[in-house]
Amino acid sequence: MADEKYYVTTPIYYVNDKPHIGHAYTTILADVLARYHRLLGIPTYFLTGTDEHGQKVQQAAEKNGLMPQQQCDQTVVRFQELWKRLEITHDDFIRTTEPRHKVIVQEVLQDLFDRDEIYRADYQGWYCVGCERFFVEKDLVEGNCPECGRKADAIQETNYFFRMSNYQDWLIDYIETHPEFIQPDFRANETLGFLKTKKLQDLCISRPKARLAWGIDLPFDSDFVTYVWFDALLNYITAIGYRRDDVQFNQWWPATHQLIGKDILTTHTVYWPTMLKAMGVPLPKTVFAHGWWLTGRTKMSKSLGNVVNPMEMADRFGVDAFRYFLIAEMTVGQDASFTEEAFVRRYNSDLANDLGNLLSRTVNMLGRYCDGKFPGLGKDALSGAPEKELWAAVQSAVAEMESSIDTMRLNSGLTAVLTAVRKVNQYFEIKQPWTQAKEGKTEAVGITLALAAESLRVCSALLYPVMPEKMSELRSVFGLGKPVLSQLKTFGVIKSGTPVGSPGILFPRVELNNAEATPLPPQPKKEKRGEGAASAKNMSIEPEKPEGIITYDEVMNVKLRTAKVLAAERVEGADKLLKLKIEIGEEKRQLIAGIALYYEPERVIGKTIVVVANLKSAKIRGIESQGMLLCASVGDRLTLITVDEELPSSGAVVK
RNA sequence: GGCUGGGUAGCUCAGUUGGUCAGAGCAGCGGAAUCAUAAUCCGCGGGUCGGCGGUUCAAGUCCGCCCCCAGCCA
């Protein structure tokens, strides 16, 4: 940790967007990093905010009969409230409609314009009257609007451009000589990949007001507003006083970590650095692109109905558990998948069974064997081999966490802490304080429990940035306040005689009870030996059910949907297979069906059939099949299952 | 299509410069224990490390070819 300060940013989120897990993840990650750096005693500044200009806000405002600013003021609250709920400790929340931002953006534009970094140009383009949208030649689909398919008109348009192309060679060199600039490194390769193979174009930074009114006026031409990136990206420096407060600006800039999703890599590793270069401002130390959260195997999408609402998850399982899962489950810059099964599994095993239960048993024994008072530690408390080993494990978690913050591998830091937690559980099995107590070895019991508590003290400090609320609860049990770095490596911090509180259940075990989630395959439960018929096991929650009968929930796990057959053709080299193009609601899919002996391709086109929509896709004859259709067959006859009456659209739920 | 990355136990993944590198967690099975949240602890993995060749005394680890997957191409 060589740096004197830590400045972390999230992207500013589009104010019109509904907050989702992607927003929540980036912001929680930034928060965790900020909290760790504060814990390490490093001056820290954490910025997030909202991007509030643009067409969508303008349209939403019109629709709602509001002024665009009112529209923003209403919707920005969704983000602000979510961050409060998720325990986000940002130091500032910038909105691009604030004067402090707009004024500086205009100053920057004027300066760049004066220095000929920005120029005016006329060019040919295409306009779709229906969509009120402008396109360049290559956007068009066979000369038509890519949105609505209608004919686009050729028009002449004027705009302002930033001479980004001037900086291509400089940028390539910069990225190659600053490996820490784009992280993870394979993302740097991506940026370099196209910088080296394509000629960088100049960046259009304006929109005529006729097309877009809701934006920051260009200071040198009031017929235009600033277009998205030149407005939005500058937030990272306008918020900390660029051109307004040199002391504050120089204190924080250049940013240490600028966190982004991989979808905005180019803007942050090409537009942003070249803008800064033109302005004569140093580049951020690291732009870090993280992956996306997927649910199951598919990308999060509304049409699939698998969007995980972060607010809802936080409500159901607790904010801290949610934060823990997100940080523990995401590896470096990879994509990660969010499923309730995975969540429940990790929650139960890491938080409930390992950590929560460890606290319970420790506190319980302190109450039972030590009068509920912290017994204190002698000078030679660490003299035994098991004690040395345990403390070494705890200290290696401290070291691992420290290094994992630098390398952004927080998940491996958390793994190290959990390893230490398990070590304490093992330590109990070795020392068996309950046996020591029976044998009247009071002092030995004291040492054992005190060491466990000290270990929990350090682990809770290491987990505090991820789970601030729960770890505060845990620490208060031992009379501890906020964690302090200097105490992480010190032994014997809890004062002798401290009354030990009763924490209740820190992380109650949870059961998977959502019908959307795929249940775990049934596992044969074996009777434990020595247990009679009346044992607790037999009073299981699951009622017995007859062989071959399934429950309502099990039926509902199979998603049956109606689908319209759009096209069908034979699969070459397979006499039984047809390749079908089908439509389930908005979604198009292809599936392979073994019905070619019974149906000519022409005969199935246009039919509404019934398909299993959530079957894992498979390759049949090397062709992907995304689903399975239902048909009835007896002997050598086969007929498709279809609907009795045509419905207005496909994708209907079959039940 | 071009470029980049990846294919390691049922699942998610670690594996630094080639030589205890065949591993961890979860799931599963067997056992122990009873302080604890039906929690804990111990033991159990015959996986062609995607396939085929090659280099080497020695290759998940290097080279070549092939197959599959993912990402990027403003």
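Sequence lines set the chain letters: A, B, ... in the order given, protein chains first and strands last, and positions in each chain run from 1.
Considering only residues two or more places apart in sequence or on other chains, A:S472 meets the side-chain contact (heavy atoms from CB on, under 4.5 Å) condition with A:Y464. With sequence neighbours excluded, no residue forms a salt bridge (charged side-chain N to carboxylate O under 4.0 Å, His left out) with A:R207. Applying the side-chain hydrogen bond (donor to acceptor under 3.5 Å, both in side chains) criterion to A:Y324, with sequence neighbours excluded, gives A:D350. Take A:D231 and apply the side-chain hydrogen bond (donor to acceptor under 3.5 Å, both in side chains) test, not counting sequence neighbours, and it matches A:H53, A:H101. A:E400 meets the salt bridge (charged side-chain N to carboxylate O under 4.0 Å, His left out) test with no other residue; sequence neighbours excluded.
In terms of phosphate contacts, A:Q201 brings no side-chain nitrogen or oxygen within less than 4.0 Å of OP1 or OP2 of B:A74. In terms of phosphate contacts, A:R346 brings no side-chain nitrogen or oxygen within less than 4.0 Å of OP1 or OP2 of B:C26. Regarding contacts with the backbone of B:A36, a side-chain N or O of A:R368 is found under 4.0 angstrom from either OP1 or OP2. Contact annotation: A:N353 reaches the phosphate of B:U40 (side-chain N/O to OP1 or OP2, under 4.0 Å).
A:L418 comes within 4.0 angstrom of no nucleic acid atom, judged by non-hydrogen atoms across all strands.
Of the residues in residues 444-454 of chain A, not one places a heavy atom less than 4.0 Å from an atom of RNA chain B. Less than 4.0 Å separates RNA chain B from at least one heavy atom of each of the following residues of residues 354-365 of chain A: A:D354, A:G356, A:N357, A:S360, A:R361, A:N364, A:M365.
Counting only residues at least two apart or in different chains, ring pair (Phe, Tyr, Trp, His ring centres under 6.0 Å) contacts with residues 399-427 of chain A are absent. Applying the ring pair (Phe, Tyr, Trp, His ring centres under 6.0 Å) test to every pair with at least one member in residues 385-419 of chain A, sequence neighbours left out, gives these pairs: A:W391-A:F491. Annotation: side-chain hydrogen bond (donor to acceptor under 3.5 Å, both in side chains) contacts involving residues 177-186 of chain A, sequence neighbours excluded, are absent.
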* Asked: Under a 3.5 Å cutoff on both atom distances, Watson-Crick or G-U, what's the dot-bracket for RNA chain B ([ ] crossing, | other strand)?
  -> (((((((..((((.....[...)))).(((((.......))))).....(((((..]....)))))))))))).
Kindly list each side-chain donor-acceptor pair under 3.5 angstrom involving residues 428-435 of chain A, sequence neighbours excluded, with atom names and distances?
unit_1 : atom_1 : unit_2 : atom_2 : d
A:E429 : OE2    : A:R361 : NH2    : 3.3
A:K431 : NZ     : A:E387 : OE2    : 3.2
A:Q432 : OE1    : A:T435 : OG1    : 3.0
A:Q432 : NE2    : A:E429 : O      : 3.3

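Here the side chain of A:E469 pairs no donor or acceptor atom with the backbone of A:V319 at under 3.5 angstrom.
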